[in-house]
Chemist: 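Please read through the structure below; I'll follow up with questions.
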Amino acid sequence: MRYVVRALVVCLVAFSAIAIATEPVLTHVVLIWVGSAPVYIFDVLLAACVGLLLYSIGLKRPVPPPNADRLVLRLNAAYVLYQVLVVVPIAVIIYGISVGDAVTSLEGRIGMVLIPFFVFVGLRYVPPRQLVGFVNAAAVLLLVFALYRYATDGPQGYWEGTEYRLRILWGGSVLVFGWLALTGLFLERRGLRAYALSLAGVVGIIIVNHRAGYVALLFALAVQFLASRRSAKRIVVVAVASIVVGIALSSVSPVLREAASYSLRTMFNAQSDSTAQDRVERSRLAWDFIRVHPLGDYTWNRTYYLVDLGDEAFEPHNFVFQALDKQGVVSAGLVFALIVAAARLGWKNRHASRLSAVMLSYLAFYLAFCLFNTNFDAIENIVLFAIPVALLVDADRSLRRREAADIRANAQASLPVLSSGPDGGRQAVAGRTAGS
């Protein structure tokens, strides 16, 4: 069982890293056909996770987590069940969508079942530090691939007006490099290794050159500072090293210098170019749609912004409007509550658990990036949302167990013990406290 779970976790991380870097090409690879229905890679991985989760809950009878953790898991269960028991039947009965197509369309949302999978199964056989290491290894390999591609194929990207927007990898790969930068900077204990990993993550963000990546990193650093108020020295060292590396890369590649300079100058300007303006406009139109369709019917009738766009519909690049637009207020409300509950766990345990503080920062990075992109519930990166939430739950569960163990130990130590008195009788003597 241990090796099966570890292999599955490695496959999930590898799938996410590869798919997120090469646009969703890997997500469309068909493994087998069941009749006329295609079965994709993520289908198999998700089915395996659900099977192991049901086996663990049904036969292994895991110990229920504390109340705060139960809230996260219950919101998650309500969200997934709403998709399966409400949205899918509506799609099939009212809109005439086949069950297979309906489930495939909702797979990113159903993928939220990965949160309880990691809580009850994955983290039982893969310790948190090892799980973090798996994602870091995937990020380092992805950076090596990016550098190789840059060296052999040159600066890849696209023209936007008179500006060349460098994009060696797909923009969503910033989520992998952000994980590497934050865990290396704040979670890794060994100094040299911490600097190397965090610098590698920052270099990856620079090479991908996504404005939302820079904004998300600044936001995550601010959250980390508020949460822990430490590791300032590391931030300064990595910032200086990043500037040196950036200057070196810029001297080698004028294209990189100009592209990165443009991204940094315009990352807070919503009117800087047609891309930024378009995303603001689509968010405004999405709000108009929400007010008319609060239950969100876009997924099935292809009506978006009150206009039929057919198969070319372009979603708002903002996870808040996207969730409201596509899923409606009920489903979006559940996922927003889940995010708040998970963030509350991280904030509550930020001083007692370094892992909690770092996962809170990465959750902030993920959400900040998704405020400007459509990645929130995409199947190529839903693993990178499930892992930090699961680690926040696991860290809280570990702290509560430790507190309970300390309370029991103190209670036992303070119980009276019987000893022989001077007259041969028995007398009660107070036991020593744990701190004696």
Side-chain angles (χ1 to χ4, degrees), residues 5 9 12-13 49 52-53 56-57 60-80 111-136 178-179 182-183 185-189 220 222-231 334-367 382-411:
V5 173
V9 170
L12 285 169
V13 173
C49 291
L52 288 174
L53 176 62
S56 177
I57 293 176
K60 295 294 185 178
R61 300 186 182 279
V63 177
N67 290 333
D69 302 336
R70 290 184 196 178
L71 177 60
V72 175
L73 296 172
R74 284 171 178 170
L75 287 169
N76 178 267
Y79 177 80
V80 174
M112 296 279 270
V113 76
L114 291 173
I115 294 174
F117 164 76
F118 279 108
V119 170
F120 291 117
V121 182
L123 290 170
R124 178 184 297 175
Y125 300 104
V126 181
R129 183 165 293 276
Q130 192 174 59
L131 181 57
V132 171
F134 284 162
V135 183
N136 282 342
W179 174 282
L182 292 171
T183 56
L185 193 59
F186 300 111
L187 195 59
E188 182 62 46
R189 295 186 179 276
V223 171
Q224 176 65 31
F225 175 76
L226 293 173
S228 63
R229 297 182 182 272
R230 59 187 179 189
S231 300
L334 288 172
V335 77
F336 295 158
L338 169 65
I339 292 171
V340 171
R344 184 173 177 273
L345 278 182
W347 184 260
K348 181 183 69 173
N349 298 322
R350 65 191 187 280
H351 296 308
S353 168
R354 178 183 296 200
L355 180 64
S356 290
V358 176
M359 288 301 105
L360 176 64
S361 300
Y362 181 75
L363 186 62
F365 182 95
Y366 188 101
L367 297 176
I382 192 64
V383 174
L384 294 174
F385 177 77
I387 289 177
V389 173
L391 286 173
L392 287 171
V393 172
D394 185 74
D396 185 71
R397 181 172 57 180
S398 298
L399 288 173
R400 301 291 81 77
R401 286 176 177 173
R402 193 181 309 163
E403 290 176 358
D406 290 343
I407 291 173
R408 287 195 299 269
N410 290 335

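On a predicted model such as this, the values are computed, not experimentally measured, just so you know.
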Chemist: Which residues pass the side chain to side chain donor-acceptor pair (under 3.5 Å) test with Asn349, sequence neighbours left out?
Modeler: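 Partners of Asn349 under the side chain to side chain donor-acceptor pair (under 3.5 Å) test: Asp396.
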Chemist: Stepwise, does the side-chain contact (heavy atoms from CB on, under 4.5 Å) test hold for Val119 with Arg397?
Modeler: CA-CA 10 Å; Val119 170; Arg397 181 172 57 180; 3.7 Å; yes
Chemist: Say you draw a straight line from CH2 of Trp347 to CG of Leu392; how long is it, rounded to the nearest 0.5 Å?
Modeler: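 These two atoms lie 13.5 Å from each other.
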Chemist: Identify the heavy atoms of Ser56 and Arg124 that sit nearest to each other, and give their distance.
Modeler: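 Closest approach of Ser56 to Arg124, heavy atoms only: OG-NH2, 3.5 Å.
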Chemist: Check the angle between the aromatic planes of Tyr366 and Phe385 and answer parallel, tilted or perpendicular using the 30° and 60° thresholds.
Modeler: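 Taking Phe385 first and then Tyr366, their aromatic rings sit tilted (interplane angle of 30° to 60°).
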Chemist: Specify the closest pair of heavy atoms between Leu355 and Ala395, including all atoms of both residues, with the distance to one decimal.
Modeler: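 Taking every non-hydrogen atom into account, CD2-CB, 4.4 Å.
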Chemist: For a 4.5 angstrom cut-off between non-hydrogen side-chain atoms, does Leu12 reach Ile387?
Modeler: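 They are not in contact (no side-chain heavy atoms under 4.5 Å apart), so the answer is no.
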Chemist: Side-chain contact test, heavy atoms from C-beta onward, threshold under 4.5 Å: evaluate it for Tyr79 versus Leu338 and give yes or no.
Modeler: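 They are not in side-chain contact.
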Chemist: List the atom of Met359, the atom of Thr183, and the distance in Å for their closest heavy-atom pair.
Modeler: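 Looking at all heavy atoms of both residues, the closest pair is CE-CG2, 4.1 Å.
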Chemist: Please name all residues satisfying side chain to side chain contact (heavy atoms under 4.5 Å, CB included) with Ala343, sequence neighbours left out, ordered by chain then number.
Modeler: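 Partners of Ala343 by the side chain to side chain contact (heavy atoms under 4.5 Å, CB included) criterion, ordered by chain and then number, come out as Leu360, Leu363.
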Chemist: Do Val9 and Gln130 touch side chain to side chain, with heavy atoms closer than 4.5 Å?
Modeler: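 Val9 vs Gln130: side chains apart.
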Chemist: Any non-hydrogen side-chain atom of Gln224 less than 4.5 Å from a side-chain atom of Tyr362?
Modeler: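 No. Closest side-chain heavy atoms not under 4.5 Å.
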Chemist: Can you tell me how far OG of Ser356 sits from CG of Asp394, rounded to the nearest 0.5 angstrom?
Modeler: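 Answer for the CG-OG pair, Asp394 versus Ser356, is 9.0 Å.
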Chemist: Do you know the tightest heavy-atom contact between Ile382 and Met112?
Modeler: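 Closest approach of Ile382 to Met112: CD1-SD, 3.8 Å.
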Chemist: Only one of Val132, Val358, Leu345 forms a side-chain contact (heavy atoms from CB on, under 4.5 Å) with Leu391, so which one is it?
Modeler: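 Output: one option passes, namely Val132.
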Chemist: Is the shortest side-chain heavy-atom distance between Phe120 and Leu52 below 4.5 Å?
Modeler: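 Phe120 does not reach Leu52 side chain to side chain.
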Chemist: Working note: Cys49 + Val113, criterion side-chain contact (heavy atoms from CB on, under 4.5 Å); need CA distance, chi angles, decisive distance, verdict.
Modeler: CA-CA 8 Å; Cys49 291; Val113 76; 5.7 Å; no
Chemist: Might you point out which heavy atoms bring Pro116 and Asn76 nearest each other, and give the distance in Å?
Modeler: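 Heavy atoms only, the tightest pair is CD-OD1, 3.2 Å.
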Chemist: Please report the shortest heavy-atom distance between Ala341 and Val72, naming the atom on each side.
Modeler: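 Answer, listing the atom of Ala341 first, then Val72: CB-CG2, 3.7 Å.
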